[in-house]
There are 4 protein chains.
Amino acid sequence: MATSKTTAAEKRRLILDAAVRVFARQGFHTCRVSDIADEAGVAYGLVYHYFRSKDEVLDTLFRDRWSLMTALIEDVDGRDMPTRDKLRQITSFIFDSYRHDPELMKVIIVEVTRAANSFGQTHLQEIRGAYEGIARIVEHGQERGEIRGDVTSQFAAMAFYGAIEQVLTSWIFELLPFGEAEAEQAKTLIVETICGGLDARSA
Amino acid sequence: MATSKTTAAEKRRLILDAAVRVFARQGFHTCRVSDIADEAGVAYGLVYHYFRSKDEVLDTLFRDRWSLMTALIEDVDGRDMPTRDKLRQITSFIFDSYRHDPELMKVIIVEVTRAANSFGQTHLQEIRGAYEGIARIVEHGQERGEIRGDVTSQFAAMAFYGAIEQVLTSWIFELLPFGEAEAEQAKTLIVETICGGLDARSA
Amino acid sequence: MATSKTTAAEKRRLILDAAVRVFARQGFHTCRVSDIADEAGVAYGLVYHYFRSKDEVLDTLFRDRWSLMTALIEDVDGRDMPTRDKLRQITSFIFDSYRHDPELMKVIIVEVTRAANSFGQTHLQEIRGAYEGIARIVEHGQERGEIRGDVTSQFAAMAFYGAIEQVLTSWIFELLPFGEAEAEQAKTLIVETICGGLDARSA
Amino acid sequence: MATSKTTAAEKRRLILDAAVRVFARQGFHTCRVSDIADEAGVAYGLVYHYFRSKDEVLDTLFRDRWSLMTALIEDVDGRDMPTRDKLRQITSFIFDSYRHDPELMKVIIVEVTRAANSFGQTHLQEIRGAYEGIARIVEHGQERGEIRGDVTSQFAAMAFYGAIEQVLTSWIFELLPFGEAEAEQAKTLIVETICGGLDARSA
DNA sequence: TATGAATGAGGCTTCATTCAT
DNA sequence: TATGAATGAAGCCTCATTCAT
């Protein structure tokens, strides 16, 4: 009796979860608000009870998730560990996020991060925040002599993040096969590629 | 008399060029067909004489440009030069393309390549073709012992292309400063980062 | 304890008073039921405990006030005084009403009396009642030889009431300045204009 | 052949005329844009080809008509005739307008002039212009000694216009009977009432 | 080839009202 | 009495596309 009722927060969550599925399936622009409501099993208007607009639903999904990442980046930066490991932590976090909730990640990548011209513009500052956090990690690595100094930290951050996002995109659109093993292996490959470089070493 | 008339092909070109400016400025979804016509200084319906639909205008812009890149990748792959130089050739081509026609490149990146859910889907095979071409170059590099073998060629291609696209996106949305010097320097940085790796070397 | 509780009637009054402020500020159609509730500091649904609908709130405001006027008109008609004074009594009542509660009068004029296509229709009979009351006063004036007989009483009533309402409207929309003095002066001017006429008299 | 085609201007007119009928019948807020299109026998979107919005249709109807009235007021003011005749000219113009096109006048009065809180606000300045024109006529009458000086010209203008509008409203809502004869008689009655006054004169 | 008037489907949002607690 | 979550109908506007000339 006590637990049989859905609270307001749960209903809100219900709608957000439904939105993830619908956005992932049909795309943000292609889906209608009624699709979200139907998927959530609630009335049309209820979406507008909890969110100001269709945009705000996506906003919420993005911000909730993205803030976790920027927080992680900040956290990792403060830790006492080799820069390589820091970058691996970030890679792990992102790839694990995809493993745990590929639909949500698809939405964030496809509809926000990579849709820079429409929705991305709105969140450019938040996105930039993550890039800057990564750049700071690189910078600290350079100060500690772990990272070469002839590549600017900002450029390095872009290359690193760009590589990660491209891999995610490959998985999303099935250009590369995805699975537990692939995800795990990719963590190593990203760090090996970006930190170690593609060149074959004589040593 | 003979030269005062614009030929059909020229009119078509006029519309395509106008479309680039309008798509770059307003985005594909935000602009109307009439905006293209206005920008081109032609009548509304004429766009439909030369193109089946608004989509086809963007399709044309993308294909015309993208085919040049896949052609270049094929061409470069066949040349007898170090893999590093091959990758640099590709990087050069892309960054020079942006330098010469930033609006067109913006449209292709923002509206097609990174709009994977809408136009990207349509052109997925063509886009994949470029990735595969790059992967082949990496593979040949591995065969020749220039590229390490513990990173799969497809993964390496993604990291490489992802880094490039992320840099382009940074320029487009002014997350990184752009200019002649930056573009030139970026060619080196991409290759240094991806091939050389970010690690500081003792040697 | 006994006095700290608001009675039902008081709550109802609270809502009505809030409605006046909200209707006056935003207009009946532009405001939402929740605006009224917010203004009254009560819960959304409570408005529906005391009123069947949003319409009924306005209906109530109108009827409560308008009935006072028709009552006054009846009352005045029965008094033994010159017709001019009767008309002045009515003018006084209306202008004083505006002075005492300009927001309520604004609502009644703007949202009911002058909104003939929506609420006016509903209350047409009640509104007509007032016109007829005034017409009767004119008629009695004609019978007593105080009012010229070549203007029909109904027409005279319309001219009289129309002039009053136009002055009210002018105040409401600040086409004419309003204040204590202006309100007082207007009472005389209305009667002088309508009864005395605008013509300059030689006498 | 030459006359069988409807020109663009005629189509626009077609829509405006249909709008008058629909607005008069259902009221501006109650009718849908599709009602206008249906009444005009054109496609939904065509209304938006000729007008920016539903509002603009009403705007156009109002402005086209109202400008005629302000023009007339200006014109009449410049003529060399007794003030009484000037006011009669204005009254004639308005009542004739109603006689010729009662639906259009109903729309203007009910949906704009008297709907001061919604649409009226938009046109307040234009409406005010007419009042001021009438006030100027009264003022000139006062200067020439034809109109009493103890009633301000602005107040007199309000009383005069208010009386007219109230009569129109009475006809519109059938509070007073309307016909050729009534309209003609009303012209005299308005002037007699406002200029002559309701008082019975001993002379 | 060229024009631009004409078409009409589609979707977001608002908000009065109901109802379970 | 009191609350506010839940419902869902209704309508304006956009704009890609067609078509008659």
Side-chain angles (χ1 to χ4, degrees), chain A residues 1 5-12 15 29-37 40-57, chain B residues 5-8 11-12 29-38 42-57, chain C residues 5-8 11-12 29-38 41-57, chain D residues 1 5-12 15 29-38 40-57:
Chain A
M1 220 180 182
K5 293 236 32 111
T6 38
T7 67
E10 284 166 355
K11 267 283 166 65
R12 195 185 135 95
I15 293 170
H29 287 104
T30 316
C31 87
R32 294 166 298 181
V33 174
S34 70
D35 293 330
I36 302 174
V42 300
Y44 197 103
L46 198 60
V47 176
Y48 285 91
H49 187 76
Y50 289 106
F51 303 94
R52 219 183 306 279
S53 66
K54 186 184 171 191
D55 281 19
E56 206 189 72
V57 178
Chain B
K5 287 199 66 133
T6 38
T7 67
K11 267 280 166 68
R12 197 184 135 94
H29 285 104
T30 317
C31 86
R32 293 165 299 192
V33 174
S34 70
D35 291 331
I36 302 173
D38 289 351
V42 302
Y44 198 24
L46 198 60
V47 175
Y48 284 88
H49 254 283
Y50 291 103
F51 303 94
R52 215 184 312 276
S53 67
K54 186 186 171 190
D55 283 17
E56 203 189 74
V57 177
Chain C
K5 287 201 65 138
T6 38
T7 67
K11 267 281 166 67
R12 198 184 133 93
H29 285 103
T30 316
C31 88
R32 293 167 299 191
V33 174
S34 70
D35 292 330
I36 302 174
D38 289 351
V42 302
Y44 199 24
L46 197 60
V47 175
Y48 284 88
H49 256 282
Y50 291 102
F51 303 93
R52 214 185 312 278
S53 67
K54 186 186 172 190
D55 284 18
E56 205 189 72
V57 177
Chain D
M1 220 181 180
K5 290 237 33 112
T6 39
T7 68
E10 284 166 353
K11 267 283 165 65
R12 195 185 135 95
I15 292 170
H29 286 104
T30 316
C31 87
R32 293 167 298 182
V33 173
S34 69
D35 293 330
I36 303 174
D38 289 352
V42 300
Y44 193 103
L46 199 61
V47 175
Y48 285 91
H49 187 75
Y50 289 105
F51 303 95
R52 220 184 305 279
S53 66
K54 186 185 171 190
D55 281 18
E56 206 190 72
V57 177

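Residue numbers begin at 1 in each chain, while the letters A, B, ... track the order of the sequences. Both backbone and side-chain heavy atoms feed into the values below; hydrogens, waters and symmetry mates do not. Since the structure is predicted, the reported quantities are computational estimates derived from the model, not experimental observations.
S53(C) and Y48(C) make their closest contact through CA-CE2, 4.0 Å (heavy atoms, listed as atom of the first residue, atom of the second, distance). A40(A) approaches I15(A) most closely through the heavy-atom pair CB-CA, 4.2 Å. Across every non-hydrogen atom of E56(A) and R52(A), the tightest pair is OE1-N, 3.1 Å. The two residues K54(D) and H29(D) come nearest to each other via the heavy atoms NZ-O, 3.9 Å. Counting all heavy atoms, side chain and backbone alike, A37(A) lies closest to Y44(A) at CB-CA, 3.9 Å.
We find that CG of L46(C) is positioned 8 Å from C1' of dT3(F), with the value rounded to whole Å. dG8(E) atom P lies 11 Å from atom CG of D38(D), rounded to whole Å. Per the geometry, CD belonging to E56(D) stands 15 Å off P belonging to dC12(F), to the nearest Å. Atom CD1 of I15(A) is separated from atom C1' of dA5(F) by 11 Å (rounded to the nearest Å).
In secondary-structure terms, DNA chain F builds stems of at least 3 consecutive Watson-Crick or G-U pairs, each pair having both distances under 3.5 Å, at E:2-21 with F:2-21.
Phosphate contact (OP1/OP2 of dA5(E), side-chain N/O of K11(D), threshold under 4.0 Å): absent.
For the pair G45(B) and S34(D), both in contact range of DNA chain F, the more 5′-proximal nearest nucleotide belongs to S34(D). Along DNA chain F, the nucleotide closest to V33(D) and the one closest to V33(B) are compared, and the more 5′ of them pairs with V33(D). If C31(A) and A8(D) are placed on DNA chain E by their nearest nucleotide, the residue sitting closer to the 5' end is A8(D).
At a non-hydrogen distance threshold of 4.0 Å, H49(D), Y50(D) from residues 47-54 of chain D come into contact with DNA chain E.
The nucleotide whose nearest atom lies closest to any side-chain atom of R32(C) is, among dT7(F), dG11(F), dC15(E), dC15(E).
Looking at Y44(A), its side chain has no donor and acceptor atom pair within 3.5 Å of the base of dT14(E).
With rounding to the nearest 0.5 Å, the separation of CZ in R32(D) from CG in D38(D) is 8.0 Å.
R12(B) has its side chain within reach of F51(B): a pair of non-hydrogen atoms, C-beta onward, lies under 4.5 Å apart.
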